[in-house]
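Right, one structure below, let's go through it.
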Amino acid sequence: MREWAPWERAGRWRRGPLSSFFPEAIERSLLKKTRVRFAPSPTGYLHVGGARTALFNFLFAKHTGGEFIIRIEDTDRERSTGEFEEKLLEDLSWLGLKWDEGPGKGGDLGPYRQTERMDIYKEHALRLVAGKRAFPCFCTNEELDAKREEMKNAGAPPQYDGTCRHLTDVEREERRDRGLPESIRFSVEGEGDRTIADMARGDVSFPAGMVGDFVILRSNGLPTYNFAAALDDSLMKITHVIRGAEHLANTLRQVMIYDALGMQQPQFAHIPLILGEDRTKLSKRHGAPNIMDYRKKGYPAEAVVNYLAFLGWSTKGDSEILSMDDLIGEFELERVSDSPSIFDEAKLNWVSASHVRAGGSERYLDEATPFFPGAIRERYGAESLGKIFDILSDNLPSFSMIEHETDPFMPVPLSFDDDATAALEGCGELLKIFARSFAQLEPWDVEGIKQVIKDSGKEAGVKGKGLYMPLRAAVTGRGHGPDLTAILLVKGKDDVISALEAAGIA
RNA sequence: GUCCCCAUCGUCUAGCCAGGUCAGGACAUCGCCCUUUCACGGCGACAACACGGGUUCGAAUCCCGUUGGGGACGCCA
């Protein structure tokens, strides 16, 4: 029996039961390298919805051993800015979604900014006009708006009525002479029912006549989203288009374009939307949905990534705290859910706290250092700062919370809360004993500190809460907080004694 | 309005495609334990198949309808 070459194997057994012998990633790479893209428009900051889409694309690409491409869709001249583009890329980088081709990186199938691809759009639009699959349209916005309104009121779907579809050359020239704006519309004439194969949700069918003739080239010469995206996806050899479910109707238009142009179309996967708590599409109104906000608050990128991955997707396994590599290893489009999900900050906090706890100062101190109050940073060296971080990292969803948790580490408490004040009531003698015993402690280590506390308790005749609470209150100013011995250890002998003395006097 | 999509605990979800499990897990909430306190951790509780019809010995699972929600209907993406 002859040996099968690897590609023959993959091809031959792809559909058979033996395909399970070949990990999906290997099988795919043998057939065709996957290429996916994230194509944001630089009209705002990176939103959690967009970030999740980018992440799914990235995970799919890496899981299948393929490439992740960034393309900037900046054809909306009014709203696109270079600053947004910069921030978008910055957030993507921060999340760890490194692109193989795109802005700042290059690639063979660029340029990767749509405004730099104008010739391509024009050329293909003209091709469609020549083939009668598109036509010049001279309707003004005012006319279109009025007609749309009329149709809506009449209960009809508000779509283009075909006014300019069959204009003669003479009529077109006449309109050009009048200086009317000229756009190019795709003609849906002759289009029948369409079924789109979707990897995430199965086949989706649209009846004929669902969309009217739509603009592909605006009167200002810029292409519209559907035209530019379809063209670029094909030209950039994108194999899988993974995008939000709100694009389903756009996909319908785009497959029409592919067919009219005779271009090969990618496979599609529409992922469910992320909704706000009011169950409408997530937007600025819903609190802080920008990635940058979470970054500024000091959430570790891998925590945000981890949380986002589980919105609309799940693993076969039972662990929910996963690294990027874990996610890449486990990600499958087939496990993307069909129904929209709601962004839940409480769960993000838990995921994030879990990462921080596991990583500790070794992993996060550098990132977290800027979040420490100046007074703390001045007082402690890097090593002590690390110890403080480890004490706090028991339950620290975001580094911005450090600020409120470091009061116990101030040399002398700035204030005393109610519980602390109550605990200090009539404890002058105990505090004096503590101060005297600690002064004699050498070296300043855990065992010594514990011993001093015990001995002081014996001397004063108190134990338990009566012993620990006054000490905690005097040293931290709070009734609650992290492990007391750990606090005493980092603060150091001098500060502890000063605090005890200060509290004793007060 | 028209078209498309969706429907399991408060939230994220497993289970659905190839009907048979006390409908599983996680977050949140509450209780108990651990502990000087808080947290972590452990144990436990609460809590869901939207509704109505079929098909079937048997339906969360398949089919139809209803209701509800969402999305789309731009010279935005």
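Proteins come first, then strands; the chains are lettered A, B, ... in the order of their sequence lines, and each starts at number 1.
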Do the side chain of S341(A) and the base of C12(B) come within less than 3.5 angstrom through a donor-acceptor pair of N or O atoms?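 By the distance-only test, no, there is no pair.
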
Go through the N and O atoms of the side chain of K347(A) and the base of A28(B), and report whether any donor-acceptor pair is under 3.5 Å.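 Checked by distance alone, the answer is no.
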
Looking at A14(B), I'd like to know if its phosphate oxygens (OP1 or OP2) sit under 4.0 Å from a side-chain N or O belonging to S314(A).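 It does, given that an N or O in the side chain of S314(A) lies less than 4.0 Å from OP1 or OP2 of A14(B).
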
Are any of R279(A)'s side-chain N or O atoms less than 4.0 Å away from OP1 or OP2 of U11(B)?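 Result: yes.
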
Would K297(A) pass as a cation-pi partner of Y294(A), given that its NZ or CZ must be under 6.0 Å from the six-membered ring centre and within 45 degrees of the axis?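 Yes - K297(A) lies over the ring of Y294(A), closer than 6.0 Å to its centre and within 45° of its axis.
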
With a 3.5 angstrom cut-off on both distances, give the Watson-Crick or G-U wobble partner of [N], or none if there isn't one.
| N | value |
| --- | --- |
| A14(B) | none |
| G1(B) | C73(B) |
| G68(B) | C6(B) |
| C40(B) | none |
| G19(B) | none |

NZ/NE/NH1/NH2 to OD/OE distance under 4.0 Å, E73(A) and R37(A):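 R37(A) and E73(A): not salt-bridged.
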
Between F135(A) and F186(A), ring centroids under 6.0 Å: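 Centroid distance F135(A)-F186(A): not below 6.0 Å, so no.
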
